[in-house]
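The structure appears below as structure tokens.
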Amino acid sequence: MKNLLFAAAFLSIHLYSGQFTDFNIVKEVKVKNKGVVVSAHPLASEAGTKMMKLGGNAYDAIVATQYALAVVYPQAGNIGGGGFLVGVKNNGEKFTLDYRETAPKHASKDMYLDKNGKANTDWSQNGRLAVGVPGSIAGFFATLKYCKLPMEKIIQPAIDLAEKGFAITEKEADMLNNHKESFQKHNTSNILFVKETPWKAGDLLIQKELAETLKRIQKLGSKGFYEGKTADFIISEMKKGNGIITYEDLKNYKVAERKALEFDYKGNNVVSMPLPSSGGILLAQMLKMASYENLEKYQLNSTPAVQIMVEAERRAYADRAEYMGDPDFIEDKTSYLISDDYLKSRWKSFSFSKATPSSEVGKIIKQPKESTETTHISVIDKEGNAASVTTTLNGYYGSKVLVSGAGFFLNNEMDDFSIKPGVPNMFGAVGGEANAIQPNKRMLSSMTPTILLKNGKPFMVVGTPGGTTIATSVYQSIVDVVDFKLDANISVNSPKFHHQWLPETVSVENNFPESTISDLKAKNYVIEKVKQLGKMEVIVIDGNGNIHAVADGRGDDSVAIE
């Protein structure tokens, strides 16, 4: 392919003593016997591969990349948010780490309702009250037991990037300019992301306060974040508004190690994230229901293929609204929801002749929304260890609150709870009692980090940002590769579609086939064109060990190799 780049092309990014102004965005590689990192930013991907060059493995790389994203991709990369990790070691061991944010101890079910009982989504989406207890740093340290290098080395590239500065891209400049008013509204003092003249590509971003925060973590471990000076900065920020996070909330945060959600799909062992991510369940439901119609006999984005897949999405997302939440607080019905007996009964109402009304597959309640502004990393090392991580602040720049003195943004993940049954969150996902706010509870997520194994070895590492569109995009990428036998590049960059039960609308990217759109409209589907659905990071490994890694063309996403 024209955009195929090999290892020699990766020498243009230099982690050297000066500022980071010389780097290339690399969209695709084909390589063998090398470690590969795919992430939302070339400097972050390179930070990950640097760990491999120092003797680290995929887990060293995934932590270094996350730290670096907190510096170079502050709209979603973070230390003030949370995420999920799915890992498969080369000995076959599978594990997941849940470092999703939690509700503070003073959180309550009705905390976002005004005096008239009406939900105020501004409170749950912006400012200090919107912040859940951050889990990212605890997650990085929980990953450390799978790493080969000490945290002192793993965190160093991020410190260098923050302290010495890097040149921002055009997309990053646009993002900062577009959020200037929000930054000014939700911060009590001037922050470095706001300047008098507009940001432009090539401007240098230096983050001294963030560098010092990272150095405290480097020196003191997780206590350098959850206790001491950084904790003081966070609590001080809470007191500037109506924030409710306490020292006790920070000190008591714990990562949850959960059993991976596994199921078979056409001879592939799919390893994904269990609750409180809805992604793994949705993926299992959608793939299984679609398989009842022999999906492999159709073609990418053909009318019958899209109809089958949309109807599987409709039924799965109806179940999401009713049954899914933090498994430590609700009855976990995963085994029932992904069983063939249950799914075949759900599928009985499918018809090729017309769209199934959403009212026929779930209890109609108004839907909440869920932010699309997450970020994903896919990694495999030369020993065959694989990791898939999706991490987020929720909305772009989270709550828009930068911790004064510490230099990082805080999340607005409280909006991912059902702030009132039937009230949509910022991404339109509906929630009910299962996802209601409770102290120390983890909010339901759509993040779907996933690894497919074939004959016990990694075959596909996949994930994407996109809020409620995450699971449907991962679903499509798996179908593209497994059923339609397409390569990773076509799967990543082909136009995508999304449906989530409510609203009834099927979203399609602007370049989606017009013939398919016309056919679907004739079957009573409501179609809405959107600019973008997700940003896939995909690695596919064939039976001979050949690695094909692709970063999504929709952003500055980039591949780096060891």
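In what follows, residues are counted from 1 in the order of the sequence shown.
- Ion pairing between Arg100 and Asp98 fails under the 4.0 Å rule for side-chain N and carboxylate O.
- Put simply, the side chain of Val86 does not reach to within 4.5 Å of the side chain of Lys94, judged on heavy atoms.
- A heavy-atom distance below 4.5 Å is found between the side chains of Ile478 and Leu283.
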Practice prompt. Output, in order, the C-alpha distance, side-chain angles, deciding distance and verdict of side-chain hydrogen bond (donor to acceptor under 3.5 Å, both in side chains) for Gln307 and Tyr525.
Written response: CA-CA 9 Å; Gln307 186 179 9; Tyr525 289 92; 3.2 Å; yes

Worksheet item: Leu261 and Phe263: side-chain contact (heavy atoms from CB on, under 4.5 Å), yes or no, with the steps?
Response: CA-CA 7 Å; Leu261 192 156; Phe263 60 94; 3.6 Å; yes

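- No side-chain N or O of Arg320 forms a donor-acceptor pair with one of Thr468 less than 3.5 Å apart.
- The backbone N or O of Thr448 lies less than 3.5 Å from a partner atom in the side chain of Thr450, making a donor-acceptor pair.
- A 4.5 Å side-chain heavy-atom check between Ile380 and Ile547 finds at least one atom pair inside the cut-off.
- One N or O on the side chain of Ser558 and one on the backbone of Val26 form a donor-acceptor pair closer than 3.5 Å.
- At a cut-off of 3.5 Å, with distance as the only test, no side-chain donor of His41 or Thr65 sits close to an acceptor on the other residue.
- Side-chain atoms of Thr516 and Asn301 include no donor-acceptor pair closer than 3.5 Å.
- Donor-acceptor pairing under 3.5 Å is recorded for the side chains of Asp332 and Thr334.
- Asp487 contributes a side-chain N or O that, together with a main-chain N or O of Ile490, makes up a donor-acceptor pair within less than 3.5 Å.
- Lys485 places a side-chain N or O within donor-acceptor distance of the main-chain N or O of Val482, the cut-off being under 3.5 Å.
- The two atoms that bring Thr102 and Met443 nearest to each other are C-CE, 4.4 Å, heavy atoms only.
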Fill in: Stepwise side-chain contact (heavy atoms from CB on, under 4.5 Å) test for Thr121 and Ile419
CA-CA 8 Å; Thr121 54; Ile419 65 172; 3.8 Å; yes

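- No side-chain donor-acceptor contact under 3.5 Å links Glu101 to the backbone of Gly132.
- Salt-bridge formation is detected for the pair Glu257/Lys145: a Lys NZ or Arg NE/NH1/NH2 atom is positioned less than 4.0 Å from an Asp or Glu carboxylate oxygen.
- The two residues Val379 and Ile62 have their closest heavy-atom pair at CG2-CD1, 3.3 Å.
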Practice prompt. Test Arg258 against Asp328 for salt bridge (Lys or Arg N to Asp or Glu O under 4.0 Å), laying out the working first.
Written response: CA-CA 11 Å; Arg258 303 189 187 276; Asp328 297 331; 3.4 Å; yes

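- Between Glu509 and Lys529 no salt bridge is recorded (no basic side-chain N to carboxylate O distance below 4.0 Å).
- Contact detail for Arg442 and Pro276: the closest heavy-atom pair is CB-CG, 4.0 Å.
- Using modelled atom types, one side-chain atom of Thr391 and one backbone atom of Gly82 make a donor-acceptor pair closer than 3.5 Å.
- In this structure, the side chain of Ser302 engages the main chain of Gln299 through a donor-acceptor pair within 3.5 Å.
- At least one side-chain heavy atom of Val36 sits less than 4.5 Å from a side-chain heavy atom of Val559.
- Put simply, CD on Gln66 and CD1 on Ile377 are 4.5 Å apart, with the number rounded to the nearest 0.5 Å.
- Interatomic distance, Tyr475 OH to Met289 CE, rounded to the nearest 0.5 Å: 7.5 Å.
- Between Ser388 and Val462, the closest side-chain pair of non-hydrogen atoms is not below 4.5 Å.
- Residue Lys535 is tested with Asp557, Asp556, Asp552 for a salt bridge (Lys or Arg N to Asp or Glu O under 4.0 Å); the sole match is Asp557.
- Checking each of Leu533, Val530, Val306, Val506 against Phe512 for a side chain to side chain contact (heavy atoms under 4.5 Å, CB included) leaves exactly one that passes, namely Val306.
- At a threshold of 4.5 Å between non-hydrogen side-chain atoms, the residues Glu296 and Phe484 do not count as touching.
- Between the side chains of Tyr292 and Asp340, at least one donor N or O sits under 3.5 Å from an acceptor N or O.
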Item to complete: Kindly determine whether Phe417 and Ile437 satisfy side-chain contact (heavy atoms from CB on, under 4.5 Å), including the steps that lead there.
Response: CA-CA 6 Å; Phe417 282 116; Ile437 300 171; 3.5 Å; yes

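- The shortest distance between side-chain heavy atoms of Ser349 and Arg315 falls below 4.5 Å.
- A distance-only check finds a donor-acceptor pair linking the side chain of Ser445 to the backbone of Met447 [under 3.5 Å].
- In summary, the side chains of Glu383 and Asn57 do not present any donor paired with an acceptor at a separation below 3.5 Å, with no hydrogens or angles considered.
- Taking the ring centroids of Tyr99 and Phe84, they lie at or beyond the 6.0 Å cut-off.
- Taken to the nearest 0.5 Å, the OG atom of Ser494 stands 4.5 Å off from the CG atom of Leu300.
- Of the inter-residue distances, the one linking Leu85 atom CG with Leu97 atom CG reads 5.0 Å to the nearest 0.5 angstrom.
- Rounded to the nearest 0.5 Å, atoms CG (Asn78) and CG (Leu69) are 9.0 Å apart.
- When all heavy atoms are compared, the tightest approach of Val474 to Met536 is CA-CE, 4.2 Å.
- Tested against Thr472, the residues Gln500, His498, Glu313, Lys496 include a single side-chain hydrogen bond (donor to acceptor under 3.5 Å, both in side chains) partner, His498.
- The number of heavy-atom neighbours closer than 6.0 Å to NZ of Lys382, taken from other residues, nucleotides and ligands shown, is 12 or below.
- Using a 4.5 Å heavy-atom threshold, the side chains of Thr390 and Pro465 count as separate.
- Note that NZ of Lys288 and CG of Leu337 are 11.0 Å apart. Values are rounded to the nearest 0.5 Å.
- Between Phe350 and Phe352, the ring-plane angle classifies as perpendicular under the 30° and 60° cut-offs.
- Checked by atom type, the side-chain pair Gln285/Tyr342 shows no donor-acceptor distance below 3.5 Å.
- Residues Gln125 and Asn412 have side chains that never bring a donor and an acceptor to within less than 3.5 angstrom of each other.
- Counting only N and O atoms by type, the side chains of Asn435 and Tyr323 include no donor and acceptor under 3.5 Å apart.
- Taking the six-membered ring where the residue is Trp, the centroids of Phe95 and Tyr59 are separated by under 6.0 Å.
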Fill in: Check against side-chain hydrogen bond (donor to acceptor under 3.5 Å, both in side chains), Asp264 and Asn268
CA-CA 6 Å; Asp264 178 82; Asn268 299 284; over 6 Å; no

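- At a threshold of 4.0 Å, the pair Asp319-Arg346 counts as salt-bridged, since one of the basic side-chain nitrogens sits closer than that to a carboxylate oxygen.
- When all heavy atoms are compared, the tightest approach of His376 to Glu537 is O-CG, 3.4 Å.
- Looking only at distances, no side-chain donor or acceptor of Asp483 sits under 3.5 Å from a matching main-chain atom of Asp480.
- The shortest heavy-atom contact between Val38 and Ser45 is C-OG, 4.0 Å.
- In this structure, the side chain of Glu311 engages the main chain of Thr356 through a donor-acceptor pair within 3.5 Å.
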